[in-house]
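Below is one structure, written out as C-alpha cells; the observations come after it.
Naming convention: chains lettered A, B, ... in sequence-line order (proteins, then strands); numbering from 1 in each chain.
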2 protein chains.
Amino acid sequence: MSLLEGRRPTLKDVAKLANVSHQTVSRFVSGDPAIREENRARIQAAIDELGYRPNIVARSMRVRRTGLLSVVVPATAAPYTPAKMMSATTAEAHAFGYEVEVVHVAGGMHARTDRAFELADSGWVEGVLSLASFDDRVRSGTRPGGVPILEFPVYDDNLHGAGIMLDASPMIEIVGRLAELGHRHFFHVGGPVGHPASNERQAVYERAVSARGLVSHGASRGPFDGSTGVDAVAALPEDTPVTAIVCANDELAAGVLMGASQRGWAVPDRLSVTGWDNRQVGQYMPPGLTTVIVDHELVGRTAMGKLIATLRGEQPPVEDFRALNAVAWRGSTGPAPEARP
Amino acid sequence: MSLLEGRRPTLKDVAKLANVSHQTVSRFVSGDPAIREENRARIQAAIDELGYRPNIVARSMRVRRTGLLSVVVPATAAPYTPAKMMSATTAEAHAFGYEVEVVHVAGGMHARTDRAFELADSGWVEGVLSLASFDDRVRSGTRPGGVPILEFPVYDDNLHGAGIMLDASPMIEIVGRLAELGHRHFFHVGGPVGHPASNERQAVYERAVSARGLVSHGASRGPFDGSTGVDAVAALPEDTPVTAIVCANDELAAGVLMGASQRGWAVPDRLSVTGWDNRQVGQYMPPGLTTVIVDHELVGRTAMGKLIATLRGEQPPVEDFRALNAVAWRGSTGPAPEARP
DNA sequence: CTGTTAGCGCGTTCAT
DNA sequence: ATGAACGCGCTAACAG
C-alpha cells in the first residue's frame with residue numbers, strides 16, 4: 001500500500017504483487033476461465049490486499065462503451081416526480097445490461113435540448129432519453145458519434161402530462177357512466193388555458209357531452225390547484241341544474257369537493273365529482289374520489305424500450321397504450337339527485 | 001467527414017484540418033487566450049465543420065476529475081420521489097461546478113451500500129451521497145482512492161422519513177394549540193409499528209399530552225394509507241370524549257376525515273384532525289387539513305453541502321434545522337365542541 | 001495458458 | 001505562440 005503513495009491501485013500494481021503480467025490480471029477480472037488455478041489464487045490475494053477496483057473510466061475509454069444511458073426529466077417546482085415511471089425505465093434498461101442516470105434539467109425545452117446534446121456528445125452515455133420534448137434541433141439530421149437522442153414526451157416543463165398522457169378517452173367512459181346514472185347537466189373544471197392535457201380533456205368532455213345530447217353548463221379553467229375548484233363551485237348559481245362536475249385532475253377535484261362542502265352540497269347526493277391521476281390521498285378523501293388511474297410503468301417501459309431498440313438497431317415494438325388508462329369509480333360519483341329514490 | 005469512417009472526430013482530426021498541432025486545438029478548446037487570431041479562426045472552422053465535441057471520458061481519464069457526484073435514493077414502490085429535495089441537491093452541486101446523477105437503488109441498505117462502493121470505486125464519480133442509511137462497512141476506515149461516501153439518512157428503504165426528518169417537535173405545538181382551543185381528549189393515528197418516524201411522533205405526542213395534563217385515549221397504528229385512519233375512527237365508541245385526532249401523516253389524516261364523514265362527525269365542529277407532510281391535495285381536502293410543512297429543500301441543500309465541503313477538505317457548516325418544520329393551521333382544526341358558543 | 005505491444009483521446013511537460 | 005513526446009489505466013491483437 002505504501003508503494004502506491006495514496007493513488008488507487010491499478011492493474012499493474014496487482015500484476016506486480018501477483019507476479020503475473022497486467023494482462024493476465026485483466027483477463028482474471030473479466031472472468032476469463034482460461035487462467036491457471038495457482039495464478040487465480042495469487043491474483044485474487046493481490047486484489048484483496050491492495051483493494052483493487054477497476055477504473056471504469058479507463059475501461060470505457062478503451063472499449064468505447066460505458067453502458068450508461070441518461071434519462072432527462074424536467075426539474076420542476078412541483079414537489080414530486082413520478083418514481084414509478086423512473087423505476088420502470090431503470091428496470092427496462094437493467095434487463096439489457098445498461099445503467100441509468102437520471103438527469104434533472106431546469107429551464108424548459110431549449111435548456112433541456114442543450115443538455116441532451118451535451119450528454120450525447122460528451123461520450124459519457126450511449127443514449128439519451130428525454131421524457132419531455134426537445135426543440136427542433138434534435139430532428140435535424142444525424143450527428144457524428146451517433147449517440148441516439150430520443151424524446152418520448154410524456155411531460156411538459158412543469159411535469160404535467162403530454163404526448164400519450166394527453167389521451168383523454170376515459171372522458172368518454174366518465175361522461176357515459178354519469179349519463180347512465182341519470183346526470184344530464186354537467187360542468188367542467190380544467191387546468192390552465194393553453195395547457196395541452198387540459199385542453200384535450202375539455203375537448204373530449206365537450207364532445208362526449210354533446211354526443212349524448214347532454215348539457216354542459218360551461219367550464220372553468222385555472223391553475224392546477226384546489227383553489228380553482230373551490231372558486232368554480234363558488235361561482236355556480238344557487239339554483240344551478242348541474243349535478244356532475246368533471247375535473248381534469250385530482251387537485252382540481254379536491255378543490256371542487258371543498259367548494260361543495262362550503263356550499264353545503266353533499267357529495268355524491270347533490271353533486272357527483274370526478275378527478276384524474278389517482279393521487280395517493282384521493283382514494284381516502286371523503287367520500288372517495290372517482291378518478292383515472294394511469295399506468296406510469298407502462299409508459300416508462302415503453303419509452304426506454306424504444307431507446308434500447310434504437311441502440312440495438314432493432315425496430316421498436318409497436319406501442320400499445322390501450323391499457324394506459326382505467327377509470328376507478330369511487331364514492332364521489334352516484335346517481336343524479338332526480339334519479340334517486 | 002468521410003475520412004472519419006463514422007467515428008467521432010478527435011482533437012487530431014480538427015488539428016489536421018486546421019493545419020495546427022492537436023495541442024493548439026486543445027488549448028483553444030480550454031480557452032487559452034494565447035493563440036494567434038488566424039489560427040483561432042481556422043480551428044473554429046474545423047470544429048464546426050467536423051462537429052467536434054471533446055470526449056469527456058478521455059479528458060476525465062487524463063485529469064482524473066469527472067466533476068460528477070452521485071446521489072443515491074431508494075427505489076421504492078411508492079409512486080413519487082421528493083423532487084424538491086433532489087433539485088435542491090442538484091442546485092447546490094451546480095453552484096460548485098459539479099454535475100449530479102441520481103441513482104435509484106432497490107433492495108435496501110446492503111444493496112445500497114454495495115452500489116455506493118461500486119460508484120465510488122469505479123472512478124466515475126468524485127463523491128457519493130446517499131439519502132438513506134448505509135450498513136457498517138461505510139464507516140470502517142478510508143478506502144484507496146479516497147472518493148468520499150457520505151450518508152445523510154433522511155429516508156428509509158420505503159422513502160419514509162428518517163434522521164432529521166424524525167424530528168417530531170411540531171407535535172408539541174400541535175397539541176399545545178389544540179389544548180388552547182379547549183381540547184382535552186386526544187387520540188393518535190400512526191404508521192406501522194416499528195416505523196421510526198411514527199414511533200417518534202407517537203412518543204412526542206404522548207409526552208406533550210401528559211405534560212399538559214390532557215388525556216390520550218390511545219393510539220392506532222397501521223400502514224401509511226387511508227384505511228388505517230378510516231378503521232381507527234370506526235373503532236371509537238359512539239360516546240367517545242375524543243375531540244382531537246392527531247395523525248402521523250396526511251394519508252392517515254385523510255382516512256380519519258373519511259371515517260369521520262362516514263360516522264356523521266363534522267370536522268372541525270365535532271372533531272379536529274391534524275396530519276403531517278403537506279401533501280398536495282391536503283390543503284384543499286375539505287375542510288382543509290392542518291398539517292406540518294417540511295422544508296425539503298433545506299435538507300437537500302444541507303446534505304449536498306456536507307458532501308461538497310468534504311470534497312473540498314473544508315469543515316461542513318454547522319447544520320441548522322430549526323426552520324425545518326412549520327405547522328400550517330387549516331380548517332380541519334378548531335375549538336373543541338364544549339368550548340364553542 | 002501467458003506475456004508483449006500498441007493504442008483509445010486527452011492534457012501536461014518541456015522544448016522550440 | 002506552437003509542437004513533440006509522454007502517460008493516464010485499460011483491453012485487443014498477436015506472439016509465444
Just to verify, what does [X] make a side chain to side chain donor-acceptor pair (under 3.5 Å) with, not counting sequence neighbours?
X: B:Asp48; answer: B:Gln44
X: A:Glu92; answer: none
X: A:Glu118; answer: A:Arg115
X: A:Thr310; answer: none

| query | With a 4.0 Å cut-off, would you call B:Arg112 and B:Asp135 a salt bridge? | reply |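 Answer for the salt bridge query: no.
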| Bend angle of the helix from C:dC1-D:dG16 to C:dT16-D:dA1, from helix axes over five pairs at each end, nearest 10° |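 Comparing the axis at each end, I get an angle of 40°.
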| said: Once you apply a heavy-atom cut-off of 4.0 Å, does B:Leu11 come out as touching a base, just sugar-phosphate, or nothing? | reply: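 Sugar-phosphate, backbone atoms only, no base.
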Between [N] ([atom2]) and [X] ([atom1]): distance, integer Å:
X: A:Arg64; N: D:dA12; atom1: CZ; atom2: C1'; answer: 12 Å
X: B:Asn39; N: D:dA1; atom1: CG; atom2: P; answer: 11 Å
X: B:Arg62; N: D:dC6; atom1: CZ; atom2: P; answer: 14 Å
X: A:Arg59; N: D:dG9; atom1: CZ; atom2: C1'; answer: 11 Å
X: A:Lys16; N: D:dG9; atom1: NZ; atom2: P; answer: 12 Å
X: A:Lys12; N: D:dG7; atom1: NZ; atom2: P; answer: 9 Å

Restricting to side-chain contact (heavy atoms from CB on, under 4.5 Å), what partner residues turn up for [X], sequence neighbours left out?
X: B:Leu17; result: B:Ala46, B:Glu49, B:Leu50
X: A:Asn19; result: A:Arg42
X: A:Arg62; result: none

| Listed partners of B:His160 passing ring pair (Phe, Tyr, Trp, His ring centres under 6.0 Å), at least two apart |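 Ring pair (Phe, Tyr, Trp, His ring centres under 6.0 Å) check on B:His160 returns B:His195, B:Phe224.
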| Range on DNA chain C touched by chain B, heavy atoms, distance below 4.0 Å |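 The contact span of chain B on DNA chain C goes from C:dG9 to C:dT13.
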| Qualifying salt bridge (Lys or Arg N to Asp or Glu O under 4.0 Å) pairs with a residue from residues 294-313 of chain B, counting only residues at least two apart or across chains |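 Sorted result for residues 294-313 of chain B: B:Lys306-B:Glu319, B:Arg312-B:Glu314.
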| field | Residues A:Phe96, A:Leu311; criterion side chain to side chain contact (heavy atoms under 4.5 Å, CB included); working and verdict | value | CA-CA 11 Å; A:Phe96 288 89; A:Leu311 238 31; over 6 Å; no
| request: Take B:Ile35 and A:Met61, find for each the nucleotide of DNA chain D with the closest heavy atom, and name the residue whose nucleotide sits nearer the 5' end. | output: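 In this pair, the answer is B:Ile35.
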| field | Sorted by number, the residues of residues 19-33 of chain A with heavy-atom contact under 4.0 Å to DNA chain D | value |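 The answer is A:His22, A:Gln23, A:Ser26, A:Arg27.
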